[in-house]
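Note sheet for the following structure.
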Amino acid sequence: MTGLADVPALLLSRIRDVPDYPEPGVMFKDITPLLADPAAFTALTDALAEVAARTGATKVVGLEARGFILGAPVALRSGLGFVPVRKAGKLPGATLGQSYDLEYGSAEIEVHAEDLAADDRVLIVDDVLATGGTAEASVQLIRRAGAQVVGLAVLMELGFLDGRARLEPALAGAPLEALLTV
């Protein structure tokens, strides 16, 4: 079993750099090798479940799409419910939406509002914190649904994009935890 101090090294060793994807000049951080390695995926799930326990979360929200892959096993490991936040138009029935600005244009995310209640303490889980736009919109969306955001946990923070600076005011004191910063 991997020691706790070895978890960041294990995780980082299973993330592959893909140059010039999806466009020239971008170094894409591919987490699929990490997901394919049961020891690394288990270590990641355990580390994120520890964050859920520390924050007193009662639900885990995963952001489309890789946040689903990471958040669902965290919820299961923690004995919590899982709620997906999807791109607009992907959920059936009544939804609550939140628009946000992108570098070029805008986007919208949605949630089934009935999946969140006033007594829910939500941990948001995603794979990467980049500029923070989607995460910030999800914080606003969860609060509009009536639940409390108790933290945001990501596998990896791209520190050079300053997403943390954008997101921390929206989190209003709730912790932002990145297992790795690159």
Are the side chains of I124 and V139 in touch, meaning some heavy atoms are under 4.5 Å apart? yes
Could you walk me through whether D119 and T58 pass the side chain to side chain contact (heavy atoms under 4.5 Å, CB included) test, one step at a time? CA-CA 9 Å; D119 60 345; T58 61; over 6 Å; no
Has the side chain of T42 got a donor or acceptor atom that lies under 3.5 Å from a matching backbone atom of A39? no
So do the side chains of F41 and I31 get within less than 4.5 Å of each other, counting heavy atoms only? no
For P84, is there any backbone N or O sitting under 3.5 Å from a side-chain donor or acceptor partner on H112? no
Can you check whether K59 reaches L80 side chain to side chain, under 4.5 Å on heavy atoms? no
Criterion side chain to side chain contact (heavy atoms under 4.5 Å, CB included) on L129 and M156, from CA distance to verdict: CA-CA 6 Å; L129 173 63; M156 181 174 19; over 6 Å; no
Taking distance alone, no hydrogens or angles, what donor-acceptor pairs closer than 3.5 Å link side-chain atoms of residues 167-182 to residues at least two apart or in another chain?
{"residue": "E168", "atom": "OE2", "partner": "R164", "partner atom": "NH1", "Å": "3.4"}
{"residue": "E177", "atom": "OE1", "partner": "R54", "partner atom": "NH2", "Å": "2.3"}
{"residue": "E177", "atom": "OE2", "partner": "R54", "partner atom": "NH2", "Å": "2.5"}

Please examine the side chains of V83 and L116, heavy atoms only from C-beta on, and report whether any two atoms are closer than 4.5 Å. yes
Heavy-atom closest pair, residues L10 and A40: CD2-CA, 3.7 Å
Remaining members of V18's ILVMFWY cluster at a side-chain heavy-atom cut-off under 4.5 Å? Y21, F28
All side chain to side chain donor-acceptor pair (under 3.5 Å) counterparts of D37, not counting sequence neighbours: R14
Any side-chain heavy-atom pair from I15 and D30 closer than 4.5 angstrom? no
V61 side chain reached by I142 side chain, heavy atoms, under 4.5 Å: yes
Least distance between heavy atoms, T55 atom then R121 atom: O-NH2, 2.6 Å
Begin from the C-alpha positions of V51 and L123 and carry the test side chain to side chain contact (heavy atoms under 4.5 Å, CB included) through to its verdict. CA-CA 8 Å; V51 175; L123 175 67; 4.0 Å; yes
Got a sec, which pairs hit side-chain hydrogen bond (donor to acceptor under 3.5 Å, both in side chains) with one end in residues 83-94, sequence neighbours left out? E64-R86
List the steps and the verdict of side chain to side chain contact (heavy atoms under 4.5 Å, CB included) for D20 and V26. CA-CA 5 Å; D20 299 320; V26 173; over 6 Å; no
Residues in salt bridge (Lys or Arg N to Asp or Glu O under 4.0 Å) contact with D126, at least two apart in sequence or another chain: none
Using a 3.5 Å cut-off and no angle test, enumerate the donor-acceptor pairs between side-chain atoms of residues 94-101 and protein atoms at least two apart in sequence or in another chain.
{"residue": "T95", "atom": "OG1", "partner": "E110", "partner atom": "OE2", "Å": "3.4"}
{"residue": "Q98", "atom": "OE1", "partner": "R144", "partner atom": "NH1", "Å": "2.9"}
{"residue": "Q98", "atom": "NE2", "partner": "Q140", "partner atom": "OE1", "Å": "3.1"}
{"residue": "Y100", "atom": "OH", "partner": "T134", "partner atom": "OG1", "Å": "3.0"}

Any L155 side-chain heavy atom under 4.5 Å of L70 side chain: yes
Any link between L34 and F68 through a network of hydrophobic side chains (Ile, Leu, Val, Met, Phe, Trp, Tyr) touching at under 4.5 Å? yes
Is S78 reaching over with its side chain to a backbone N or O of A75, donor-acceptor style, under 3.5 angstrom? no
Can you check whether L141 reaches I109 side chain to side chain, under 4.5 Å on heavy atoms? yes
Is there a path of hydrophobic side-chain contacts, each under 4.5 Å between heavy atoms of I/L/V/M/F/W/Y residues, joining L76 to L48? no
